[in-house]
> 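Supplied in structure tokens, the structure appears directly below.
Below, chains carry the letters A, B, ... as their sequence lines are ordered, and counting in each starts from 1.
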Amino acid sequence: MESPAPRHFLRTIIEEDLREGRVDEVVTRFPPEPNGYLHLGHAKAISVNFGLAEEFGGRCHLRFDDTNPEKESQEYIDAICEDVRWLGYAWAGEVRFASSYFDQLYAWAEHLVREGKAYVCDLDADRAREFRGTLTEPGRNSPYRERGPAENLDLLERMRAGEFDEGSKVLRAKIDMAHPNMNLRDPILYRIRKRSHHQTGDRWCIYPTYDFAHGQEDAIEGVTHSICTLEFEDHRPLYDWFIDNLPVASRPRQYEFARLNTSYTVTSKRKLKQLVDGGHVDGWDDPRMPTIAGMRRRGFTPAAIRRFCEMVGTSRATGVADVAMLEHAIRDDLNAHAPRAFCVLNPLRLVLTNYPDGESETLTVAKHPSREELGSRELTFGRELVIEADDFRESANKKYKRLVLGKRVRLRGAYVIEATDLEKDSAGRVTTVYAQLVRGTLGEDPADGVKAKGVIQWLHAATARPATVRRYDRLFTDPSPDRDEDFLQYLNPESLVVMDGALVEPAVAAAAPEARFQFERLGYFVADRCSHNPAAPVFNETIGLRDSWSGGEGQGA
RNA sequence: UGGGGUGUCGCCAAGUGGCAAGGCACCGGGUUUUGAUCCCGGCAUUCGCAGGUUCGAAUCCUGCCACCCCAGCCA
């Protein structure tokens with residue numbers, strides 16, 4: 001069912017590079033900064049980088065771009081590794097770190113100084129901004145720009161030794177303060193940060209910037225195609241400048257693609273944090289979060305996420321993918337793989353008056369309608385059952401295909417029944433439905449020719465197991481919650497509805513955490529990774545079944 | 001009014017001079033013991049706009065227009 005990967009510009013570039021011998025092996029890398037949790041947008045970058053390497057028989061490195069100790073931590077490193085692994089990708093070799101190249105990077109900085117291509121600048125941040133100019137006006141040269149190599153070398157060494165305060169000095173490349181591309185107006189290579197680093201401890205108090213580090217990291221690792229998002233496009237000339245001016249061992253090339261945006265979703269780190277800190281969700285792995293951890297807990301499969309990334313394609317045009325595509329991907333995967341089971345969210349008592357009291361029988365029902373190899377399950381059937389309250393009406397129009405008083409319905413995998421009577425409480429709500437079992441309808445249509453109107457799921461009252469079922473819906477009601485600074489106004493108040501009185505089949509209650517099911521006629525559900533256990537089952541709704549009825553006109557009462 | 005990008009169906013996206021793939025969504029119809037799945041059919045005389053080159057253009061040229069990114073000692 002995996003359709004062939006669509007052609008896109010990166011594939012074309014790689015094919016040509018291979019064909020024309022510019023590279024012998026494709027080497028890519030996924031370079032997250034360990035300063036937050038991975039989300040759907042990262043899944044896209046992961047899919048592109050690992051996917052391309054896989055497809056062309058090359059390799060992909062997992063490399064943490066840890067050049068800024070201020071906001072990074074080991075906790076994120078561990079979480080990111082876990083997420084990448086869960087998505088089903090294996091990085092080549094060990095996990096890598098920009099920080100393990102700090103010695104080399106420093107040596108290269110000295111090289112540039114010796115060549116007269118870098119200098120130590122004493123301008124503070126505010127002054128530097130003034131000298132940088134604006135988008136339409138050129139900048140001016142720093143008064144420190146003409147320091148000689150010897151002085152610069154000495155100053156750089158003393159920066160490294162910790163002799164200067166944070167912000168008092170930086171190392172800059174000497175390029176062109178009037179360049180129309182702001183990135184080339186003497187960019188910063190090193191800044192002073194007297195912070196200990198999660199990998200290198202207190203060994204350094206100066207840290208390289210992204211620009212001075214990334215391309216060289218790629219060159220050290222032999223990365224051939226350094227794939228990033230569009231906002232780095234303006235940095236490419238600088239990326240190339242370092243590669244051209246340093247004695248690096250290989251020649252990586254940077255390519256950019258449009259980052260993934262998805263409708264009804266926010267992925268900015270700041271906004272996700274706001275959702276967590278504001279208590280609008282239950283944490284970074286809340287099943288409504290577009291984080292990898294959240295989607296995992298929601299019941300998404302790695303295959304579906306990967307498929308979605310392929311479906312959306314890879315281009316240079318910024319756009320918004322319809323979340324319906326993601327929903328399609330997960331339904332498609334789960335429809336094929338998830339075993340079927342019965343769950344009743346709002347139980348309504350059903351008594352079969354012509355079924356012998358105290359007796360029961362065991363029915364065998366397939367776990368999947370079209371995949372016999374998935375086997376079958378056994379269900380107890382008896383006089384007292386429960387059905388979904390929504391599946392019974394005292395009266396209804398012809399479009400209602402469930403149980404109606406005086407009419408017939410098929411109990412899925414079991415018999416046809418006919419509702420004969422009901423009981424109500426003082427509030428007028430139906431508490432019990434009485435029905436007659438139509439004999440000879442197990443696997444057969446009624447002999448009298450009066451067919452059942454529809455099919456509903458059911459559970460044996462005495463053996464069904466209570467469960468908590470969390471029904472989830474889109475977190476936002478607006479397709480572009482991101483367009484507003486006040487995105488919280490679009491929060492969907494019904495993004496989570498907890499069903500406390502649900503019932504499930506005994507075997508379902510006993511399932512392992514992360515086991516996935518299709519609860520027939522409802523949707524796909526997963527045993528919660530964190531809180532599910534056989535004594536107190538908890539299921540999260542991954543996605544509902546497509547429904548061409550409830551939203552539309554056909555709703556018959 | 002600096003530089004860099006992007007504009008093909010409601011959304012994503014192929015296409016690189018020979019006469020508009022595909023997916024999602026949507027709308028019909030069929031099958032069905034899940035109002036699911038599955039199956040069949042429909043869905044851009046038109047490619048941001050205007051000119052031009054050509055027998056022929058979404059693809060080449062010119063000029064417009066719209067939108068996105070860049071002025072962190074973030075990545």
> With sequence neighbours left out, what residues match A/Lys71 under side-chain contact (heavy atoms from CB on, under 4.5 Å)?
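With sequence neighbours excluded, A/Lys71 shows a side-chain contact (heavy atoms from CB on, under 4.5 Å) to A/Glu33, A/Asn35, A/Asn68, given in chain and number order.
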
> Using salt bridge (Lys or Arg N to Asp or Glu O under 4.0 Å) as the criterion, list what pairs up with A/Lys271, not counting sequence neighbours.
A/Asp482

> Tell me, please, which residues at least two apart from A/Phe517 pass ring pair (Phe, Tyr, Trp, His ring centres under 6.0 Å).
none

> Can you list the residues that meet the ring pair (Phe, Tyr, Trp, His ring centres under 6.0 Å) rule with A/Tyr37, with sequence neighbours excluded?
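Checked A/Tyr37 against ring pair (Phe, Tyr, Trp, His ring centres under 6.0 Å); matches are A/Tyr76, A/Trp284.
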
> Pairs under 3.5 angstrom, nitrogen or oxygen only, protein versus nucleotides 17-19 of chain B, please.
none

> Taking N or O atoms only and anything under 3.5 Å, show me the protein contacts with nucleotides 66-72 of chain B, one pair per line.
| from | atom 1 | to | atom 2 | distance (Å) |
| --- | --- | --- | --- | --- |
| B/A71 | O2' | A/Arg132 | NE | 3.3 |
| B/G72 | OP2 | A/Arg132 | NH2 | 3.0 |

> Can you list every pair that meets side chain to side chain donor-acceptor pair (under 3.5 Å) and has a residue in residues 516-525 of chain A, with sequence neighbours left out?
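Every pair satisfying side chain to side chain donor-acceptor pair (under 3.5 Å) with a residue in residues 516-525 of chain A: A/Asp391-A/Arg521, A/Arg412-A/Glu520, A/Gln457-A/Arg521, A/Gln518-A/Tyr524.
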
> Name the atoms and distances for all side-chain donor-acceptor pairs under 3.5 Å in residues 132-141 of chain A, with sequence neighbours left out.
| from | atom 1 | to | atom 2 | distance (Å) |
| --- | --- | --- | --- | --- |
| A/Thr134 | OG1 | A/Thr136 | N | 3.2 |
| A/Thr134 | OG1 | A/Glu137 | N | 3.1 |

> Under the side chain to side chain donor-acceptor pair (under 3.5 Å) rule, collect the residues that match up with A/Arg145, sequence neighbours excluded.
A/Asp186

> Side chain of A/Glu233, heavy atoms from C-beta onward: which of B/G5, B/C38, B/U34 has the nearest atom to it?
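Among the listed nucleotides, the one closest to the side chain of A/Glu233 is B/G5.
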
> Going by the rule ring pair (Phe, Tyr, Trp, His ring centres under 6.0 Å), which residues pair with A/Trp458 if we only count those two or more places apart in sequence or in a different chain?
A/Phe342, A/Phe381

> Polar atom pairs between nucleotides 22-27 of chain B and protein, under 3.5 Å, N or O only, would you list them?
| from | atom 1 | to | atom 2 | distance (Å) |
| --- | --- | --- | --- | --- |
| B/C24 | OP1 | A/His328 | NE2 | 3.3 |

> Using the ring pair (Phe, Tyr, Trp, His ring centres under 6.0 Å) criterion, which residues pair with A/Phe300? Sequence neighbours excluded.
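Counting only residues at least two positions away or on another chain, A/Phe300 forms no ring pair (Phe, Tyr, Trp, His ring centres under 6.0 Å).
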
